Each structure stands twice: as C-alpha cells, then as structure tokens.
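Scroll down for the structure; my scribbles are underneath it.
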Amino acid sequence: MSASHMENKTKQQYGQSFFEDVWDVVRQIPKGRVTSYGAIANYLGTRMSARMVGWAMNAAHAIGDVPAQRVVNRNGILSGKAHFGSPERMQELLEADGVEIRNDTVVDFKTLFWDPATELGL
DNA sequence: CCTTTGACTCACT
DNA sequence: CAGTGAGCCAAAG
C-alpha cells in the first residue's frame, strides 16, 4: 500500500516531538519523586509552553504508560487531580509512590522535586 | 474558519 | 500579598 494512503489523518499519534518528549521525561521520574509542568517544558526548551505539557498528559492517558500523577504544578498542587477519573485518584497514586499529600499539595515538594534539566544533566 | 478554553507560569499593579 | 493580564500552543465548539 502507498504510505500516503495509509497515512493517518486525524489525531496525532506517536511521533509528535513535544508530546513524545514529555512522556519520555515523565516515565523517567523516579518513584517517590515529583516534577512540575514548567520544569518539563523548561527541559524541552520552552518554559512558557507549560500548558502544552498538560495537554500531553491528557493525551498520555491514551498510552497508559505515563505516571502523570507525578507531574504537578509549580506550587506542588495536584492541579490535574480532576483528570484521574476521581479527584482522589491522583493523591492515592502518589501516596502509593511514598509521596505524602496534604490538602491536595505535595508535602515537602521542594525536596521531592525532580528537575529533569538537573537530574538528566542538561 | 474563527472563537474559546485549558492538567501553566511569569510579570506587573 | 493578592488580583489581573499576557504569553504559549493546540484541540474542541
């Protein structure tokens, strides 16, 4: 078959640079650690595009291999908890990783913070 | 096709 | 210290 004919026209699937990079970084987040949208965006070179990281997380659900619960906003707040089926799902997943959550916020977030730009050595 | 919104963040007032 | 506006890029209406 012609590649052009087989070409998928809708829904970006695997192969989108920004999204794929985001997922790759999120997969590398160690258990018990967390990071922020801005940190990932910054690692990718676009610190302003933190919103796109959120969109990537939304698309990440289609993959199922991305621990999106380890990604929170810069305040350590579980801003994406509403997208885990249940508002408490994200917290439980983090607690299962050994991360303590208090009032929808990561306790000692600054210490648990995992910066890809630093940890990955960029 | 144009408008609005969204899992963010920073800067200014 | 809190509220508001702007920047970013893409998807849904």
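Note that this is a predicted model, so its numbers are computed, not measured. Below, chains carry the letters A, B, ... as their sequence lines are ordered, and counting in each starts from 1.
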Would you kindly confirm whether A:Phe84 and A:Val72 end up in one hydrophobic cluster when ILVMFWY residues are joined by side chain heavy atoms under 4.5 Å apart? yes
Any side-chain N or O of A:Arg47 below 4.0 angstrom from OP1/OP2 of C:dG7? no
Nearest to the side chain of [X], which nucleotide is it out of [options]?
| X | options | answer |
| --- | --- | --- |
| A:Ser49 | C:dC8, B:dT9, B:dA7 | C:dC8 |
| A:Ala50 | B:dT9, B:dG6, B:dA7 | B:dT9 |
| A:Arg74 | C:dA11, B:dT9, B:dA7 | B:dT9 |
| A:Met52 | B:dC10, C:dC9, B:dA7 | C:dC9 |

Using atom [atom1] of [X] as one end and atom [atom2] of [N] as the other, report the distance to the nearest whole Å.
| X | N | atom1 | atom2 | value |
| --- | --- | --- | --- | --- |
| A:Ile63 | B:dA7 | CD1 | C1' | 15 Å |
| A:Asn42 | C:dG7 | CG | P | 20 Å |
| A:Asn58 | B:dA7 | CG | P | 8 Å |
| A:Phe18 | C:dC9 | CZ | P | 9 Å |

Hey, does A:Ala82 reach any base, or is it just sugar-phosphate, or nothing, if we go heavy atoms under 4.0 Å? nothing
Classify A:Asn73 by what it touches in the nucleic acid, base, sugar-phosphate, or nothing, heavy-atom distance under 4.0 Å.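 A:Asn73: backbone/sugar contact only, no base atoms under 4.0 Å.
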If the P atom of C:dG5 is compared with that of B:dT5, how far apart are they to the nearest Å?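 To the nearest whole Å, 14 Å.
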Separation between the C1' atoms of B:dA7 and C:dG3, rounded to whole Å: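 Between the two C1' atoms, the distance is 22 Å.
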Note, A:Thr35 side chain near A:Pro116 side chain (heavy atom, < 4.5 Å):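 When only atoms from C-beta onward are counted, A:Pro116 and A:Thr35 do touch, with a gap below 4.5 Å.
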Salt bridge between A:Asp97 and A:Arg70, side-chain N to carboxylate O under 4.0 Å? yes
CD1-CG distance between A:Ile40 and A:Asp21, expressed to the nearest 0.5 angstrom: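 Nearest 0.5 Å value for the CD1-CG distance: 11.0 Å.
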